Amino acid sequence: MAKVLVVYYSRSGNTEQMAKLIAEGVESGGAEVVVKRVQDTSAEDLVEYDGIISGSPTYYGSMAWEMKKLLDDSVKFHGELDGKVAGAFTSAANIGGGNETTILDMLNGWLIHGMIVQGDPKGDHYGRVSVNAPDARVEKQCRRMGERFAALVKKVAG
Ligand SMILES: Cc1cc2nc3c(=O)[nH]c(=O)nc-3n(C[C@H](O)[C@H](O)[C@H](O)COP(=O)(O)O)c2cc1C
């Protein structure tokens, strides 16, 4: 069964709630999912999965340093994530709070690893965005992201 990692950093719980909702979607899409705090995740862990979805609060328009550290540590495995699937999500305090730049910040790293990123023509285009804690719209979006992600990982991982 295709295996997906949802790895997140969250100080006050908003991004963590998104992580759990996305994981629910991955599961209902038929892939195995593990949800982990970034502090409990090592670069070694990353190679174990067919797909990785990362989440961070928006901090000054970019990811929290804890997530950047994981990405920087992952250089040890450069080339080994090539062809796997990636996605990203964030919570920020404001609508135009730098949410999409934060998502793109994380996706930059995954793309440089050679990973495949699927946009969404109907949902939040780059990845999921919540203003503070997820509301009903974001809940739906997160589950949808998880389901779409599972469908793609299953195709790619076979
Ligand atoms: C250091 C720091 C920087 C932040 N920078 C931004 C920002 O640039 N834009 C914004 O909208 N919110 C910003 N926020 C607010 C957080 O993104 C927001 O509270 C988020 O929901 C926290 O997620 P969490 O509950 O998962 O920790 C910042 C918060 C902190 C602590």
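Keep in mind that this is a model prediction, so the values were computed, not measured. We count ligands from 1, going down the list as the structure has it; atoms in each ligand are counted the same way.
Distance alone, capped at 3.5 Å, places no donor-acceptor pair between the Asn94 side chain and the Gly96 backbone. Without hydrogens or angle criteria, Asp73 side chain to Leu71 main chain gives no donor-acceptor distance under 3.5 Å. At distances below 3.5 Å, at least one donor-acceptor pair connects side-chain atoms of Asp105 with backbone N or O atoms of Met63.
Atom 12 (N) of ligand 1 has Ala93 N, 3.2 Å as its closest protein atom, hydrogens excluded (heavy atom only). Closest to atom 23 (O) of ligand 1, if we only count protein heavy atoms, is Pro57 CB, 3.5 Å. Residue, atom and distance of the protein heavy atom nearest to atom 19 (O) of ligand 1 are Asn132 OD1, 4.2 Å. Protein heavy atom closest to atom 17 (O) of ligand 1, with residue, atom name and distance, is Thr58 O, 2.7 Å. In terms of protein heavy-atom proximity, atom 21 (O) of ligand 1 is nearest to Ser91 OG, 2.7 Å. In terms of protein heavy-atom proximity, atom 25 (O) of ligand 1 is nearest to Ser12 OG, 2.5 Å. With respect to atom 9 (N) of ligand 1, the closest heavy atom belonging to the protein is Gly97 O, 2.7 Å.
The only member of Val4, Val34, Leu81, Val7 that meets side-chain contact (heavy atoms from CB on, under 4.5 Å) when paired with Tyr49 is Val34. Considering Pro134, Ser130, Ser91 as possible partners of Thr15, the one that fulfils the side-chain contact (heavy atoms from CB on, under 4.5 Å) test is Ser91.
Polar contact with ligand 1: present for Ser10 (N/O pair, distance under 3.5 Å).
Residue Tyr59 holds the heavy atom nearest to atom 31 (C) of ligand 1 of all those in Tyr60, Tyr9, Tyr59.
Per-residue contacts place Thr15 under 4.0 angstrom from the following atoms of ligand 1 (heavy atoms of the residue considered): 23 (O), 24 (P), 26 (O). If you number the atoms of ligand 1 from 1 as listed, the ones under 4.0 Å from a heavy atom of Gly61 come out as 8 (O). Less than 4.0 angstrom separates some heavy atom of Asn94 from each of these atoms of ligand 1: 10 (C), 11 (O). Less than 4.0 angstrom separates some heavy atom of Ala92 from each of these atoms of ligand 1: 10 (C), 11 (O), 17 (O), 18 (C). Ligand 1 places these atoms under 4.0 Å from at least one heavy atom of Arg11: 24 (P), 26 (O), 27 (O), 31 (C).
When the side chains of ILVMFWY residues are joined at heavy-atom separations under 4.5 Å, either directly or via intervening members, Met18 and Val35 end up in a single hydrophobic cluster. When hydrophobic clusters are built by joining Ile, Leu, Val, Met, Phe, Trp and Tyr residues whose side-chain heavy atoms come closer than 4.5 Å, directly or via intermediates, Tyr8 is grouped together with Ile53. Clustering ILVMFWY residues whenever any of their side-chain heavy atoms sit less than 4.5 angstrom apart, transitively, puts Ile103 in the very cluster that holds Leu111.
At a 4.0 Å cut-off, not a single heavy atom of Gly98 sits close enough to ligand 1 to count as contact.
In this structure, His113 and His78 have tilted ring planes: the angle between them lies in the 30° to 60° band.
Annotation: the span from Thr90 atom OG1 to Asp124 atom CG amounts to 11.0 Å, rounded to 0.5 Å.
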